[in-house]
Amino acid sequence: MDLSCTLRTALCRIKYFYKDGEKMRKEYGVVLVGCGHIGRQHIQDIYYKEQIHLIGVVDVDAERAQEFCSMYNADSWSVDYHDYLVRSDVNIVIVATYVNTHLSIVKDCLFNKKHVICEKPIGRTMQEGKEFANLVKASDCKVLVAHVLRHNRTYQKVAEVIQSGIIGNITLIRMVQNHHCKDWDRYKKLLTDCSPIVDCGVHYIDVMQWFTGTPVTKVSGFGSMIDRDLPEGVYNYGMINVQLQNGCIGYYEAGWSRNLASSNLKEFIGVKGRISIILNANRYKDIEEGDLIELYLNESNEYKTINCKSEYKNMWGQMKKLIEMIETNAPAVPTIDEVFSAFRVVMCADSEIRKKGFANIQESELLLK
Ligand SMILES: NC(=O)c1ccc[n+]([C@@H]2O[C@H](COP(=O)([O-])OP(=O)(O)OC[C@H]3O[C@@H](n4cnc5c(N)ncnc54)[C@H](O)[C@@H]3O)[C@@H](O)[C@H]2O)c1
């Protein structure tokens with residue numbers, strides 16, 4: 001089969017959008033697979049955009065698929081995504097199911113020449129993650145793994161401030177993301193495939209590597225079962241400590257529990273000062289100003305604040321990036337190598353923690369995986 005020809009044919013089927021007789025940007029046929037928590041965030045941010053034609057919504061739970069179909073005005077719904085993959089008017093598939101299905105659904109999408117936004121993480125094992133990355137690299141279609149913090153303006157602003165050098169070289173990164181889980185059944189389902197330090201950790205290890213511009217070279221950590229009714233072999237709290245190539249150290253703590261309090265700490269300490277991110281929802285005052293970036297500069301003993309429009313999950317920004325990748329061949333943000341690099345760090349720690357309760361992985365071992 002001539003794949004490049006098939007791809008060209010698929011791309012030609014993307015309709016142009018006309019306004020006042022003028023040819024505008026293309027309209028993309030989109031299908032959402034997985035009508036759960038994150039599926040809703042994807043769809044509610046994009047379904048009304050003029051470049052988007054929501055062709056279908058899919059969930060194995062028919063009631064959910066039907067609800068999404070009427071709420072977001074999709075053309076149709078289904079419990080099986082396969083039917084949509086053979087349709088020529090479907091250009092983009094959003095995969096928002098559990099991690100145990102990410103690889104197989106993405107494989108089916110790419111085989112049928114569909115572009116994809118796929119939720120993280122890219123697999124349940126290192127092997128699955130490698131297969132996912134290789135598949136993406138070998139495909140003519142575009143795949144964006146949903147590291148949504150890369151498209152969040154607050155995080156983009158912090159990256160810009162750090163990279164301007166104003167707080168000097170970053171020496172310490174402190175990050176905590178604990179969830180007090182009211183919807184315990186949903187979290188228990190997520191825990192069967194993935195521990196919190198993997199599921200959320202891929203975002204934050206990626207942030208550490210993005211902000212400092214260097215890779216993680218050492219990782220250690222531990223995990224604990226802090227609720228008693230967990231699925232077998234599962235831990236629901238973990239902490240990982242990392243060292244980056246430039247000597248910066250960092251930690252990331254993540255737990256999903258009915259007993260933990262929610263906490264959210266994001267702090268970046270450099271030799272000339274520090275930056276903290278306080279999300280809009282965690283501000284004590286001026287909440288209408290959005291997220292707050294606090295900046296301290298030790299040479300001038302100055303405290304500064306920057307308010308950023310709060311867009312915790314900028315799903316439209318993420319979709320716009322995929323469209324840019326399709327139309328201009330722009331690279332993915334993050335690239336699949338960056339996605340895999342963050343995945344490898346958390347998976348190395350996770351596999352040791354599952355075996356022994358703790359992990360201590362040196363550079364040489366990390367690079368081998
Ligand atoms: N990027 C982020 O910030 C972020 C946040 C939360 C969750 N996630 C990721 O999103 C994924 C889903 O998490 P969630 O919290 O939305 O879970 P969820 O339980 O709320 O939703 C998952 C949905 O997928 C459906 N589903 C499962 N297998 C399917 C299949 N084969 N075909 C069609 N539908 C199927 C389920 O019925 C469910 O409705 C996970 O990988 C998670 O790590 C990402």
Supply the members, apart from [X], of the Ile/Leu/Val/Met/Phe/Trp/Tyr cluster built from side-chain contacts under 4.5 Å; use none for a lone residue.
X: Ile287; answer: none
X: Val271; answer: none
X: Tyr251; answer: Val176, Phe222, Ile226, Tyr237, Met239, Leu260, Leu265, Phe358
X: Ile278; answer: Leu292

Side chains of [X] and [Y], heavy atoms from C-beta outward: is any pair under 4.5 Å?
X: Leu135; Y: Leu103; value: yes
X: His115; Y: Lys142; value: yes
X: Val216; Y: Gln209; value: yes
X: Val333; Y: His151; value: yes
X: Ile167; Y: Ile275; value: yes
X: Ile326; Y: Tyr28; value: yes
X: Val30; Y: Ile94; value: yes
X: Val145; Y: Ile122; value: yes

Minimum heavy-atom separation for [X] to [Y], with atom names?
X: Leu322; Y: Val116; answer: CD1-O, 3.8 Å
X: Ala65; Y: Val58; answer: CB-C, 4.3 Å
X: Ala349; Y: Ile240; answer: CB-CG2, 3.6 Å
X: Ser262; Y: His180; answer: OG-N, 3.1 Å
X: Pro121; Y: Cys194; answer: CG-SG, 3.6 Å
X: Pro331; Y: Met325; answer: O-CG, 3.8 Å

What's the separation between atom [atom1] in [X] and atom [atom2] in [Y], rounded to the nearest 0.5 Å?
X: Ile277; Y: Lys266; atom1: CD1; atom2: NZ; answer: 7.5 Å
X: His37; Y: Lys313; atom1: NE2; atom2: NZ; answer: 5.5 Å
X: Lys107; Y: Thr101; atom1: NZ; atom2: OG1; answer: 13.0 Å
X: Asp108; Y: His82; atom1: CG; atom2: NE2; answer: 4.0 Å
X: Leu32; Y: Ile43; atom1: CG; atom2: CD1; answer: 4.5 Å

Which pairs of donor and acceptor atoms, one on a side chain in residues 195-204, lie under 3.5 Å apart (sequence neighbours left out)?
| residue | atom | partner | partner atom | Å |
| --- | --- | --- | --- | --- |
| Ser195 | OG | Tyr235 | OH | 3.2 |
| Ser195 | OG | Asp350 | OD1 | 2.8 |
| Asp199 | OD1 | Lys120 | NZ | 3.0 |
| Tyr204 | OH | Gln177 | OE1 | 2.9 |

Task: Derivation of the side chain to side chain donor-acceptor pair (under 3.5 Å) call for His53 and Asp75 - done: CA-CA 9 Å; His53 174 186; Asp75 291 354; 2.7 Å; yes
Please tell me whether [X] and [Y] are part of a single hydrophobic cluster in this structure, the criterion being side-chain heavy atoms less than 4.5 Å apart.
X: Trp210; Y: Met208; result: yes
X: Ile46; Y: Ile323; result: yes
X: Val95; Y: Val60; result: no
X: Ile52; Y: Leu144; result: yes
X: Val31; Y: Leu110; result: yes

Open item on the list: If we check side-chain contact (heavy atoms from CB on, under 4.5 Å) with Leu149, which of these qualifies: Val158, Asp206, Val207?
Closed with: Val207
- [ ] Could you check Val33, Asn112, Ile55 and say which one makes a side-chain contact (heavy atoms from CB on, under 4.5 Å) with Tyr84?
- [x] Ile55
Open item on the list: If the threshold is 4.0 Å, N to carboxylate O, is there a salt bridge linking Arg40 and Glu67?
Closed with: yes
TODO: Answer yes when Glu338 and Arg150 have at least one side-chain N-carboxylate O distance shorter than 4.0 Å, and no when they do not.
DONE: yes
Can a donor-acceptor pair be found between the side chains of [X] and [Y] at a distance below 3.5 Å?
X: Asn178; Y: Glu253; result: yes
X: Thr97; Y: Glu119; result: no
X: Asp59; Y: Trp77; result: no

With a sphere of 6.0 Å drawn around [atom1] of [X], does it hold more than 12 non-hydrogen atoms of other residues, nucleotides or ligands?
X: Arg283; atom1: CZ; answer: yes
X: Lys356; atom1: NZ; answer: yes
X: Asn169; atom1: CG; answer: no
X: Glu288; atom1: CD; answer: yes

Task: Test side chain to side chain donor-acceptor pair (under 3.5 Å) applied to Asn236 and Arg258, step by step - done: CA-CA 10 Å; Asn236 62 331; Arg258 285 165 302 180; over 6 Å; no
Going by atom type alone, with no hydrogens or angles, which donor-acceptor pairs under 3.5 Å involve a side-chain atom of residues 185-193 and a protein atom two or more places apart or on another chain?
| residue | atom | partner | partner atom | Å |
| --- | --- | --- | --- | --- |
| Tyr187 | OH | His179 | ND1 | 2.9 |
| Thr192 | OG1 | Lys189 | O | 2.5 |

TODO: Sequence neighbours left out, what passes salt bridge (Lys or Arg N to Asp or Glu O under 4.0 Å) with Lys272? Give chain and number order.
DONE: none
- [ ] Could you pull out all residues at least two apart from Glu294 that satisfy salt bridge (Lys or Arg N to Asp or Glu O under 4.0 Å)?
- [x] none
Open item on the list: Does Tyr296 form a side chain to side chain donor-acceptor pair (under 3.5 Å) with Asn301? I'd like the steps, not just the answer.
Closed with: CA-CA 7 Å; Tyr296 170 69; Asn301 201 19; 3.0 Å; yes
Open item on the list: Ala74: which residues meet the side chain to side chain contact (heavy atoms under 4.5 Å, CB included) condition with it, sequence neighbours left out?
Closed with: Leu54, Val57, Cys69
Open item on the list: According to side chain to side chain contact (heavy atoms under 4.5 Å, CB included), who are the partners of Asn246, at least two apart in sequence or on a separate chain?
Closed with: Thr212, Thr214, Leu244, Cys248
- [ ] Starting from the C-alpha separation in whole Å, work towards a yes-or-no answer on side chain to side chain donor-acceptor pair (under 3.5 Å) for Lys218 and Asn241.
- [x] CA-CA 8 Å; Lys218 288 181 191 166; Asn241 306 294; over 6 Å; no
Task: Residues which pass ring-ring contact (aromatic ring centres under 6.0 Å, His included) with Phe268, listed by chain and number, not counting sequence neighbours - done: Phe211
TODO: Hey, could you give me each pair passing side-chain hydrogen bond (donor to acceptor under 3.5 Å, both in side chains) that has a residue in residues 154-168? Not counting sequence neighbours.
DONE: Thr154-Asp291, Lys157-Glu160
Open item on the list: Treating Thr217 as the side-chain partner and Gln243 as the backbone partner, does any N or O pair qualify as donor plus acceptor under 3.5 Å?
Closed with: yes
- [ ] Take the angle between the ring planes of Phe343 and Phe340 and call it parallel below 30°, perpendicular above 60°, tilted in between.
- [x] tilted
